2 protein chains.
Amino acid sequence: MTSELRAHMPLTDDTAFLLARANARSLAATHAGLADHGLRVRSYSVLALAVAEARLSQRDIAEYLWLDPSQVVSLVDDLQRRGLVTREPDENDRRAKVVVATEAGRRLHRDAARSVAERERETLETLDAAEQQRLRELLLRLAFPV
Amino acid sequence: MTSELRAHMPLTDDTAFLLARANARSLAATHAGLADHGLRVRSYSVLALAVAEARLSQRDIAEYLWLDPSQVVSLVDDLQRRGLVTREPDENDRRAKVVVATEAGRRLHRDAARSVAERERETLETLDAAEQQRLRELLLRLAFPV
DNA sequence: TATTGTTATACTCTATAACTATA
DNA sequence: TATAGTTATAGAGTATAACAATA
């Protein structure tokens with residue numbers, strides 16, 4: 001970056017722009033962390049929710065990850081084909097299918113999460129621990145407004 | 001969102017996830033604000049940099065917006081075709097082209113920025129003014145690490 | 001009637017490599 | 001030898017509409 005640009009820095013008072021650029025950096029780090037595990041950001045996210053004990057339906061996953069329900073279908077298809085998750089019938093609603101991680105899915109997620117955390121740590125180290133915590137609190141309220 | 005999910009909230013200690021979801025909300029708001037102005041997020045961002053007085057080259061723009069230089073070519077092509085920006089030769093480097101907004105480009109940007117700001121305000125209102133400022137400071141350091 | 005998962009399709013965005021002109 | 005802009009192409013991500021099964 002030129003010194004002139006450093007001094008001026010357009011758009012840096014624009015939350016949307018800062019959010020987009022910070023997210024781009026974070027995405028690159030996550031992508032790099034997942035590369036060796038045969039996962040992409042979206043399939044990793046779905047797997048992470050399947051590993052969590054929340055017993056989410058595909059519709060829940062779509063809402064949570066801000067994806068279209070039709071996208072979740074092919075993501076779960078892929079994970080299921082690889083033996084990482086299963087579709088279980090919801091006992092209360094026969095339309096819905098709960099996505100649950102298999103033992104292999106849990107193992108892969110654990111290894112992938114470790115790689116991702118390592119990369120993310122480098123991305124976040126420009127903030128100290130308290131600042132990172134404060135950032136997460138603010139982002140949480142933005143990501144999930146009450 | 002189910003109450004069970006509200007209670008559990010997987011991934012909410014994951015900065016990358018929160019960043020992605022907050023960015024998705026912000027993007028949707030920006031997109032809605034731009035819809036009536038014939039602009040998309042990426043073309044709007046390039047136009048915003050052209051309106052700024054930083055006299056950025058296409059390469060600068062690519063780096064700043066985290067885009068590939070080849071993507072900037074077609075974005076500038078489109079804006080230029082619509083008379084919103086011009087490519088000016090860089091006096092110091094004949095390879096480089098500086099992207100500058102025309103008067104029409106400035107007008108469109110002003111109108112679009114107003115629409116975007118309105119939508120963004122709704123997205124951000126879950127935080128008070130001081131919190132929004134604090135968030136921008138933290139994001140800036142994440143987006144542009146020294 | 002509304003919702004869940006599914007299929008299909010078109011469009012946008014992203015990643016990569018090669019080429020040219022200039023440095 | 002390296003860099004700025006350009007062209008081309010393939011792959012990933014996104015948006016939308018329609019349908020069957022179930023609520």
Side-chain angles (χ1 to χ4, degrees), chain A residues 1-2 5 20-21 23-32 34-35 38-46 49-50 55-81 85-100, chain B residues 1-2 5 20-21 23-28 30-32 34-35 38-46 50 55-81 85-100:
Chain A
M1 195 181 304
T2 66
L5 183 52
R21 202 181 197 278
N23 185 52
R25 276 196 75 218
S26 167
L27 267 179
T30 305
H31 194 269
L34 293 176
L39 291 170
R40 302 188 154 276
V41 172
R42 289 149 83 249
S43 51
Y44 172 70
S45 305
V46 171
L49 291 182
R55 293 192 64 78
L56 303 181
S57 70
Q58 296 188 188
R59 187 65 55 153
D60 294 329
I61 291 173
E63 186 192 349
Y64 208 70
L65 298 180
W66 205 277
L67 296 173
D68 190 89
S70 66
Q71 300 172 27
V72 177
V73 174
S74 52
L75 288 168
V76 174
D77 280 350
D78 175 57
L79 293 172
Q80 190 171 36
R81 221 176 288 120
V85 304
T86 57
R87 284 174 162 98
E88 294 185 4
D90 184 323
E91 296 172 0
N92 303 320
D93 185 344
R94 280 190 291 177
R95 294 172 304 178
K97 300 172 184 176
V98 175
V99 180
V100 181
Chain B
M1 194 180 304
T2 65
L5 183 50
R21 202 180 197 277
N23 185 53
R25 277 196 73 219
S26 168
L27 267 179
T30 305
H31 194 267
L34 294 176
L39 290 170
R40 300 187 156 278
V41 173
R42 288 149 84 249
S43 51
Y44 172 70
S45 305
V46 172
R55 294 192 64 77
L56 303 181
S57 70
Q58 296 186 191
R59 186 67 52 151
D60 294 331
I61 292 173
E63 186 192 346
Y64 208 70
L65 298 180
W66 205 278
L67 298 172
D68 190 272
S70 66
Q71 298 172 29
V72 178
V73 173
S74 52
L75 289 168
V76 173
D77 279 351
D78 176 57
L79 293 172
Q80 190 172 36
R81 219 176 290 121
V85 304
T86 58
R87 284 174 162 100
E88 294 184 5
D90 185 323
E91 297 171 0
N92 302 320
D93 185 343
R94 283 191 288 178
R95 293 172 304 180
K97 299 172 185 176
V98 175
V99 180
V100 180

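Bear in mind that the values here come from a model prediction, so they are computed numbers and not experimental data. Every chain is numbered from 1, with letters handed out A, B, ... down the list of sequences.
Atom CG in Leu56(B) sits about 11 Å away from atom P in dG5(D), given to the nearest Å. Atom CD in Glu63(B) sits roughly 12 Å away from atom P in dG5(D) (whole-Å rounding). Atom NZ in Lys97(B) sits roughly 11 Å away from atom C1' in dT20(C) (whole-Å rounding). As a whole-Å value, the separation of Arg59(B) CZ from dT6(D) P is 10 Å. Nucleotide dT3(C) holds its P atom 17 Å from the CG atom of Asp90(A), rounded to whole Å. Atom-to-atom, CZ of Arg87(A) to P of dT4(C) comes out at 15 Å; the value is rounded to the nearest Å.
For the pair Arg21(A) (side chain) and Tyr64(B) (backbone), a donor-acceptor distance under 3.5 Å is present.
For Ser45(A), the side-chain contact (heavy atoms from CB on, under 4.5 Å) partners two or more places apart in sequence, or in a different chain, are Val41(A), Leu65(A). Applying the side-chain contact (heavy atoms from CB on, under 4.5 Å) rule to Ala20(B) yields the partners Asn23(A); only residues at least two apart in sequence or on another chain are considered. Considering only residues two or more places apart in sequence or on other chains, Arg40(B) meets the salt bridge (Lys or Arg N to Asp or Glu O under 4.0 Å) condition with none of them. For Asp90(A), the side-chain contact (heavy atoms from CB on, under 4.5 Å) partners are Asn92(A), Asp93(A), Ala96(A), Val98(A), not counting sequence neighbours. Listed by chain and number, the residues in a salt bridge (Lys or Arg N to Asp or Glu O under 4.0 Å) with Arg94(A) amount to none (sequence neighbours excluded). The salt bridge (Lys or Arg N to Asp or Glu O under 4.0 Å) check on Asp68(B) picks up nothing, with sequence neighbours excluded. When the side-chain contact (heavy atoms from CB on, under 4.5 Å) test is applied to Pro89(A), no partner is found at least two apart in sequence or on another chain.
Defined by atom type and a distance below 3.5 Å, a donor-acceptor pair is missing between the side-chain atoms of Ser74(B) and Asp77(B).
As judged by a 4.0 angstrom heavy-atom cut-off over every strand, Ser74(B) is placed among residues making no nucleic acid contact.
The overall bend of the helix from dT1(C)-dA23(D) to dA23(C)-dT1(D), read as the angle between its terminal helix axes built from five base pairs each, is 20° when rounded to 10 degrees.
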Tell me, for nucleotides 12-23 of chain D in 5' to 3' order, what letter each nucleotide earns: B for a base near a protein heavy atom under 4.0 Å, S for only sugar-phosphate near one, - for neither? SSB-B----BBS
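Mapping Ala96(A) and Asp77(A) onto DNA chain C by nearest heavy atom places Ala96(A) closer to the 5' end of the strand.
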